[in-house]
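Below is one structure, written out as structure tokens; the observations come after it.
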Amino acid sequence: MDHFTYKNNELFAENVAVAKIAKQVGTPFYCYSSATLEHHFKVFAEGFQGLDTLICFAVKSNSNLAVIKTLADAGAGADVVSEGEIRRALKCGIAPNKIIFSGIGKTASEMEFALNTGIYQFNVESEPELELLAKTAQKLNKTAPIAIRVNPDIDAGTSAKITTGLKTSKFGIDINHALEVYKKASKLKGIKIQAISVHIGSQITDFKPFEKAFIRVREFHAELAKNGIEINVLDLGGGIGVPYDAEKNPPPHPRDYAKIVREVFKSFKGRFCFEPGRVLVGNAGILVSEVIYVKPTDARNFLIVDAAMNDLIRPSFYNAHHDIIPINQKSAAGNHKYDIVGPVCETGDTFAELRTMPELKPGDLIAFRTAGAYGSVMASTYNSRKIVPEVMVKGDKFEITSRRMSYDEMFEREILPDWLK
Ligand SMILES: *Cc1c(COP(=O)(O)O)cnc(C)c1O
């Protein structure tokens, strides 16, 4: 459910006409709905009512400060993968004891920053990382609360680039070796064993792999207990998919996910951590773009728009589908087939092929739906295009939450060497 709906054939974000925002900020731009963010967080949390939970928003999915702050105010902690993301979480007032640090490549200086911040948990993904964390904690006279991220060798049934729980993935520690690593961790000064963590991938729409992975974690939890390692925190990661193609493939509801968790862990009495990203922010954002040209060729009819792969890379990078809708809904069903492409000088800069749309003309506005997750965060200046602004709507108000990059900003980090001056 989201708050991007038509009123009198015009697309609105909550109570604001999207065309009105376009007029003020120009195109392209990302537009987020705070009501949708709040609703998604509430729905996710409701599934676990009565349980001790820490729901940490996966900041990498959308790290705009206004988005993080909206979710933080709704009660979210933060799942972070870099010092930069810890800094973002702190800026938004998220308490250190609600921050979980994931990722396979934490550096010593990032560990120091996190230890000095006093974060809730480090999710450790390898033995060398465990050793460096222990050493770093000892140096600072601190203790690092850890989970070992176990890799259960379960196929999440999602896109290969975002599958993380296979033996061949770079993530986590093989669950069959994890007992030894916990034993080793229990002897390390500077380390406090706190949790087991698991995260098998992203955009998971069939929940069976979750169930399998959780059952494996439950068995492992019992095995640890038998070996004298009592664990009271289970971090079950993120990964719930969202509907990109709402009509054809509605994925199961977060409440079905909660049911699986409750069922599998019905005899576990401790705390659950979750790291949802996409499911909280995916549908809460759109990318708005203007048609520059319509270019019919013998083979295709190209709709050339002012957004490109550098603004939203998911279609070219993951072959992802985004519903694309006109801001002005004219004839109900479309009867034109367009290849919707950006201006970037690569054929890969294609958002959709042979997409059925109403007839569109230069100057018309379109919206890419479900662009709130892994959209703006993956933007680049490729082709020396300015990073596009982000706007947040709340009721009948809207504000720019990230300015459009200026050309001065684009160039200010670059320096000509002396011999070229
Ligand atoms: C990316 C990631 C998440 C969030 O994944 P979503 O699919 O966006 O929910 C959570 N935990 C870890 C460790 C991740 O790498």
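Counting starts at 1 for both ligands and their atoms, in listed order.
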Passes side-chain hydrogen bond (donor to acceptor under 3.5 Å, both in side chains), K337 versus T356? Steps please. CA-CA 4 Å; K337 273 201 188 341; T356 305; 3.2 Å; yes
Hey, are E409 and R403 close enough for a salt bridge, meaning a charged N less than 4.0 Å from a carboxylate O? yes
When you check ligand 1 against the protein, what N or O pairs turn up below 3.5 Å? List the atom names and distances, or just say none.
unit_1: ligand 1; atom_1: 7 (O); unit_2: S202; atom_2: OG; d: 2.3
unit_1: ligand 1; atom_1: 7 (O); unit_2: G239; atom_2: N; d: 3.4
unit_1: ligand 1; atom_1: 8 (O); unit_2: R278; atom_2: N; d: 2.8
unit_1: ligand 1; atom_1: 8 (O); unit_2: Y374; atom_2: OH; d: 2.6
unit_1: ligand 1; atom_1: 9 (O); unit_2: G239; atom_2: N; d: 2.8
unit_1: ligand 1; atom_1: 9 (O); unit_2: G277; atom_2: N; d: 3.0
unit_1: ligand 1; atom_1: 11 (N); unit_2: D79; atom_2: OD2; d: 3.3
unit_1: ligand 1; atom_1: 11 (N); unit_2: E275; atom_2: OE1; d: 2.6
unit_1: ligand 1; atom_1: 15 (O); unit_2: K60; atom_2: NZ; d: 2.8

Report the relative orientation of the aromatic rings in F214 and F265; use parallel for angles under 30°, tilted for 30 to 60°, perpendicular for over 60°. tilted
Qualifying residues under ring-ring contact (aromatic ring centres under 6.0 Å, His included), relative to H221, sequence neighbours excluded: F268
Which atom pairs, donor and acceptor, lie under 3.5 Å between side-chain atoms of residues 94-108 and protein residues at least two apart or in another chain?
unit_1: K98; atom_1: NZ; unit_2: G75; atom_2: O; d: 3.2
unit_1: S102; atom_1: OG; unit_2: D79; atom_2: OD1; d: 2.6
unit_1: K106; atom_1: NZ; unit_2: G103; atom_2: O; d: 2.8
unit_1: K106; atom_1: NZ; unit_2: N123; atom_2: O; d: 2.6
unit_1: K106; atom_1: NZ; unit_2: E129; atom_2: OE2; d: 2.6
unit_1: T107; atom_1: OG1; unit_2: E110; atom_2: N; d: 3.2

With F44 via ring-ring contact (aromatic ring centres under 6.0 Å, His included) - residues at least two apart: F48, F274
